[in-house]
Every structure is written in C-alpha cells, then in structure tokens.
Undergrad: 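Can you keep this structure in mind? I'll have questions shortly.
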Amino acid sequence: MAKDGFELALSFDAAAAAIKGRLFADWDSLTPKQRQDLEDAFWDTTSAAMTLRTKTVGALLAEAELSVAALSAQTQRAKEALAKLEDVRKAIKVATAVFGLAATVSAGIATGNVAAVGAVFQSVKALLNELGI
Amino acid sequence: MRRAVFLWLMAALLAACTDLSAVRDFAGLSAETGAYQGVVRTYEQHPSRMVRYAPSRRAFFEAQRAAREAQRQGLLALQQSLVLYMASLGKLAADEAVAFDTNPLSQAAAKAGAIDTSAAPAVTAVGNLLLRAATSSWRQREVAELIGAANPDVQQIVRGLRAFVNASAAEDSAELQAIDLFYRGLERRSGDPAAQQGMREWREVRDSEVAARRSSREAYLKALDAIGRGHQLLYENRSRLSVEESVRQIRAVEQELRAAGELLRPLVEPLVRPVLSF
C-alpha cells in the first residue's frame, strides 16, 4: 500500500517539474498573473505529492475503483501536454487540472472519502482528450 | 604423543564446529549500522526545509511535518526491531544468553504498524522469537533455529525500511525542483547582476546540502541491502554456518556492510546504543 502512494507521488512530482519547465520556458511572454498561476500550480502539485507520501493510499484508491496505474497514466499525459502545448493558457488549464486531481486524491486520503476522485479523474481525462493530447 | 595429537585434533575440531564468529561479527555490525537515524530525520524535516522556498505555505508544511512525527516514531521502531534482533543474534552466536521478560518489541510493533500495516506482525513475531530465546535459555546451538524462524520477518522489516528510504530519496528531486523554482524565479525578477550572482551562489549551497543528504542515504540503503542479503545467506546456510565456504560468503557481505557503515559510523546516534545493552 505504501509503495502505491510513493509511486503516485512520483508521478505528481514529475508533473510539477513539467509545470515549472513551462513557467521558465515562457517566462518572458507571461503576464505576472500567469506566472503566479503556474507557480501556484507547481506548489499545489508538489504539496499534494508530499501529502501522498505521508499517507498510505492503496486501500483508499481501491475503494474509488481507480488504480494507481490509471492515475499515473493520466498524470503522465498531462506532463507531456505541458511540454507540447503551444498555447500557454491551455498549459495553465492542464496544470490547474493536474493540481486539482492531486489535491482531490490527497484530500480523499485525509478524510477517508474518495468519492470525488473518480469524477475529477474523468474530467482530467476529458480535458486532455479535448486538447488532442 | 599419539594421545596429545589426538587431543589437539579434537580441540581443533571442536573449535571449528562452534566458531560462529562470522555470524557474530556480521550481526554486530548490522546492529550498529542499522541504527543510523539521519535518513529518518531527513524524511521528517523535508516539509520544514520546503518552507524556505514557499513561506506563504508555512501552515501546510508545518501540518505535514507534524504528521511525519508519527511516521518518524514508526521508522525508528522498525530500525529498533532490526537492531535489537541483530544484537541478540550476535550474542547468541557468541554463546551468550539474552534476557527479556516480555516481548521487547510490542510497543515498536504498534508504532511500526502506524506507517506500514504489514510491518506490525513482522515486528511482533521477531519480538516473540527474542522472548522465546530468553525464556528457553537459547545459546549458540539455537542460532540456526533463530535464523530459520526469523528470516521472513527480518526480510519484511528490511523491505519496509527500504521503501521509506526510497520515498525519502524521491523527495530530493522535489526539493531540487523547489530550489530551482525559488532561486531562478528570484534571479529572473531581479535586474541587479550582483543580486543575481548572490542567488546563484545560494542555490549552489542548497544544492550541495541535498547532495550530502543523498550521499548518506545511499550509504544507508547499501547497508540495508547488505543486511538483508547477509541474513538471507545465514538462512540458506544455517545448517552449516561454521563451514569454510559459508564463513567466506558471510565475511564477504560483512565487508560490504563495513564499507557502507564507514560513512555512517560517525553519524550513528549515541542514544541508540543503550538498545544494545541488555
């Protein structure tokens, strides 16, 4: 169970690194608000990864009928999207969605209620499909 | 003359049959090296270090640090169970007795279970074995029985420790990302070349701190690896522990453990040493 949580946390760390990469790649063309949005998304995702490491997650994810592999796969898609998307507004949307997923998973662990994880997972998947990733 | 030679041969044979010094030395070194607490402190203090790079999120990081306090106790309990077992094995291998009135690891089992539910039964089982060794007055002749009964749980405990050490290692990357975001962001926002240079120099300091922690952690992982492999060797050779080939293999693993331990010995907490006095 602990191993699952650590693996998922690694996925979120990688996504946070991709958000940071996008921030500095587009730094000069970003408005201060856009820079702050990406920075906030980095810290929110990094914080969620930290929470995941602090809590064991496997049993709770089983309750949500989601596997670590499925969550990691979508996080990996989001990470790739962050590097590929030319429109930085879409990149911010993806970054926000990734954080939303990470935060929902970690909140679910903290409260013992993972009912929301499935819906957020599907919305991230839908967003990436919509963006053609 | 013939009688003298015969007695000499018998003495040599007896010494060879009961020489478990390789087991004693490996177990003793495992107890000492397994006690390194630096990686546990690194894991617990990671949130506090991150405050530096995102001070507006102090409340969150403080909550994480407090949550990890309980994990720290569990990690130390896992270490304690490994250290106590190895120290006991060393004593028995030296034909000394161990002394416990109750399961010496019952509290450790509860704490370890808080971080890994599979760890509690393993720690409890090792504690029960040590209690049995004490109450049944085990000595050197029961070393093989102890190793045979304990091996699955010892391996479970080592795996548990490795999992958390690896998780801590993953946070090195997260910390390096945070350092990069913080200092590169400051550099980009500043138009002052001197300030930018200062940021770059501070970043080097922080990066080197992460590198130093990584180095200690890698040494501890190598130590855990050697402890796990060494005990597995003892298990596979438990019916022939004093045979030359077994001794050679055990000594080889002991050398690996010693090399890893050389980096950690100055860092082993003196507070842990009372665990070895029983």
Side-chain angles (χ1 to χ4, degrees), chain A residues 1-32 34-60 72 79 82 95 99 102-103 106-107 109-110, chain B residues 43-44 46-51 53-72 74-75 78 112-119 159-189:
Chain A
M1 281 192 288
K3 187 167 170 286
D4 288 344
F6 298 148
E7 283 178 3
L8 195 50
L10 273 176
S11 298
F12 287 132
D13 277 335
I19 293 169
K20 178 176 69 73
R22 194 60 202 246
L23 167 66
F24 286 116
D26 293 355
W27 183 276
D28 292 332
S29 61
L30 292 172
T31 65
Q34 287 173 330
R35 285 181 200 149
Q36 191 61 54
D37 285 344
L38 282 171
E39 204 166 323
D40 286 344
F42 167 87
W43 278 112
D44 290 339
T45 308
T46 296
S47 301
M50 186 188 295
T51 303
L52 279 171
R53 282 192 193 90
T54 313
K55 301 271 186 188
T56 51
V57 74
L60 292 175
S72 293
K79 180 187 151 215
L82 284 160
F99 155 63
S106 63
I109 295 160
Chain B
Y43 183 79
E44 185 197 2
H46 172 71
S48 300
R49 288 194 298 277
M50 296 292 257
V51 171
Y53 313 115
S56 62
R57 294 168 185 258
R58 178 180 295 273
F60 165 78
F61 288 128
E62 176 51 36
Q64 283 294 302
R65 192 211 58 76
R68 289 181 177 208
E69 171 80 25
Q71 287 202 336
R72 179 172 72 90
L75 284 166
L78 272 181
I115 55 163
D116 184 354
T117 51
S118 60
R159 275 195 298 271
L161 282 169
R162 284 185 60 90
F164 275 89
V165 173
N166 281 327
S168 184
E171 292 193 324
D172 278 350
S173 297
E175 194 165 341
L176 287 172
Q177 295 297 331
I179 290 168
D180 184 42
L181 178 74
F182 182 72
Y183 287 106
R184 207 158 27 135
L186 284 177
E187 210 183 313
R188 292 275 187 124
R189 289 184 182 97

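Order of the sequence lines sets the chain letters (A, B, ...), proteins ahead of strands, with each chain counted from 1. Model, not experiment: these values are computed from the prediction.
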Undergrad: Identify which part of B/R184 has an atom lying under 4.5 Å from any heavy atom of chain A, answering side chain, backbone, both or neither.
TA: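 Looking at B/R184, backbone and side chain both touch chain A.
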Undergrad: Go through B/E171 and B/R68 one step at a time and tell me if the salt bridge (charged side-chain N to carboxylate O under 4.0 Å, His left out) criterion holds.
TA: CA-CA 14 Å; B/E171 292 193 324; B/R68 289 181 177 208; 2.6 Å; yes
Undergrad: Can you give me the closest heavy-atom contact between B/Y53 and B/Y183, atom names plus distance?
TA: CE2-CE1, 3.9 Å
Undergrad: Where does A/A16 contact chain B at under 4.5 Å (heavy atoms): side chain, backbone, both or neither?
TA: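 No part of it gets close to chain B.
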Undergrad: Using a cut-off of under 4.5 Å for heavy-atom pairs, which of B/A178, B/A174, B/S173 has the most such pairs with chain A?
TA: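 Of the candidates given, the most pairs with chain A belong to B/A178.
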Undergrad: Against A/T54, only a single residue in B/H46, B/R65, B/Q64 fulfils side-chain hydrogen bond (donor to acceptor under 3.5 Å, both in side chains); can you say which?
TA: B/Q64
Undergrad: Which distance, rounded to the nearest 0.5 Å, do you find between the CG of B/D180 and the CD of B/Q177?
TA: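 It comes to 6.5 Å.
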Undergrad: With a 4.5 angstrom heavy-atom cut-off, which part of A/T46 approaches chain B: side chain, backbone, both or neither?
TA: side chain
Undergrad: Minimum heavy-atom separation for A/L23 and A/L38, please, with both atom names.
TA: CA-CD1, 3.9 Å
Undergrad: Does any backbone or side-chain atom of A/F42 lie under 4.5 Å from a heavy atom of chain B? Answer side chain, backbone, both or neither.
TA: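 Contact with chain B is through the side chain of A/F42 alone.
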